[in-house]
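These notes concern the structure reproduced below.
Note that the coordinates shown come from a computational prediction; the quantities given were computed from them, not determined experimentally.
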Amino acid sequence: MARVAQLILDKTLEGSWSLVAVNSVQTSLSFDWAVTFTLDADTAIRIECPFTLLNRVSAPIELDPQSNPESLAPVLALVRRYFTELKISSFGEMHISFDGGYQVAIKPSPMYEAWDLWYENSIHLICLPGGGMAEWTSKDK
C-alpha cells in the first residue's frame, strides 16, 4: 500500500510558521545559483544564501549555493529522505528536518533574500534581506 503524503502549513500568532509533513519524501533536488528542495508537486524551498547542513554523526557543514557546485555534494545525502518538519521564526530563520537526523539551517542574509518557500501554489514566503518575512497568498495575486 502506498503512503499518502500530507503537508500542513500553519502560522502562529507570533508570526512564525511551521510546516509539518506526514510521509512526504523530498522528491527533487536542484542546483543552479541556489539549492532547491521539491517536497511534492506544489511545495518547494529555494535557498540562495549560505546555510548549514547538520546530521547526527559529523560536525556541521557550512555550504554556499553561490560557491563551486562541487562543494554542495554533502546535500545529496538528502535526496529521497523523508521531510519531517520545517520551522520559520518571525525573524526569518528557517530549520528543515529530515529523517535520519539531518537538518538544514538557514539564517537571514544582511543583503539578500536567503530563501523562498512555495506551498501548494497558494502561499509564497520570502526571507527579507536583514531578516523578517514577506508573504503572499493566492488571493494577493
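By the rule that hydrophobic residues join a cluster once side-chain heavy atoms approach within less than 4.5 Å of another member, M111 and W33 end up as members of separate clusters. Hydrophobic clustering places I123 together with L39 (ILVMFWY residues linked when any side-chain heavy atoms are closer than 4.5 Å, directly or through intermediates). L29 and L86 fall within a single hydrophobic cluster, where Ile, Leu, Val, Met, Phe, Trp and Tyr side chains are chained together by heavy-atom contacts under 4.5 Å. Residues F51 and F91 fall into different hydrophobic clusters, defined by Ile, Leu, Val, Met, Phe, Trp and Tyr side chains chained together at heavy-atom separations under 4.5 Å. Hydrophobic cluster membership is shared by I61 and F37, with clusters built from Ile, Leu, Val, Met, Phe, Trp and Tyr side chains linked at under 4.5 angstrom.
Identified under the salt bridge (Lys or Arg N to Asp or Glu O under 4.0 Å) test for residues 26-39, with sequence neighbours left out: D32-R46.
Between the side chain of E93 and the backbone N or O of I88, no donor-acceptor pair lies under 3.5 Å.
Open room surrounds OH on Y112; 12 or fewer heavy atoms of other groups in view lie less than 6.0 Å from it.
From I45, atom CD1 reaches atom CG of L117 across 5.5 Å, with rounding to the nearest 0.5 Å. Between the CD atom in E135 and the CG atom in L125 there is a gap of 6.0 Å [rounded to 0.5 Å]. Rounded to the nearest 0.5 Å, atoms SG (C127) and NZ (K107) are 12.0 Å apart. Atom CE of M94 and atom CH2 of W115 lie 4.0 Å apart (nearest 0.5 Å). S89 OG to M133 CE: the interatomic distance, rounded to the nearest 0.5 Å, is 7.0 Å. For the atom pair OG (S67) and CG (L72), the distance works out to 5.0 Å, reported to the nearest 0.5 Å.
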- Message: Quick one, F83 with Y102, criterion ring-ring contact (aromatic ring centres under 6.0 Å, His included). Give me CA distance, side-chain angles, the key distance, then yes/no.
- Response: CA-CA 9 Å; F83 166 80; Y102 286 93; over 10 Å; no
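Looking at every heavy atom in both residues, R81 comes nearest to G100 through NH1-CA, 4.0 Å. Residues V75 and L53 share a closest heavy-atom pair of N-CD2, 4.2 Å. When all heavy atoms of C49 and P65 are compared, the closest pair comes out as O-CD, 3.3 Å. Of all heavy-atom pairs between P108 and G130, the closest is CB-C, 4.3 Å. For the residue pair K11 and W17, the shortest heavy atom distance occurs at CD-CZ2, 3.4 Å.
For the 3.5 Å distance criterion, the side chains of S58 and N55 qualify, holding a donor opposite an acceptor. S97 and E85 share no donor-acceptor pair across their side chains, judged by distance under 3.5 Å alone.
Counting only heavy atoms from C-beta outward, the side chains of D116 and E48 approach each other to under 4.5 Å. Considering only heavy atoms from C-beta on, P50 stays 4.5 Å or farther from E62 through its side chain. Between I106 and T52 the shortest side-chain heavy-atom distance does not fall below 4.5 Å.
Aromatic ring orientation, W118 versus H124: parallel (interplanar angle below 30°, classes split at 30° and 60°).
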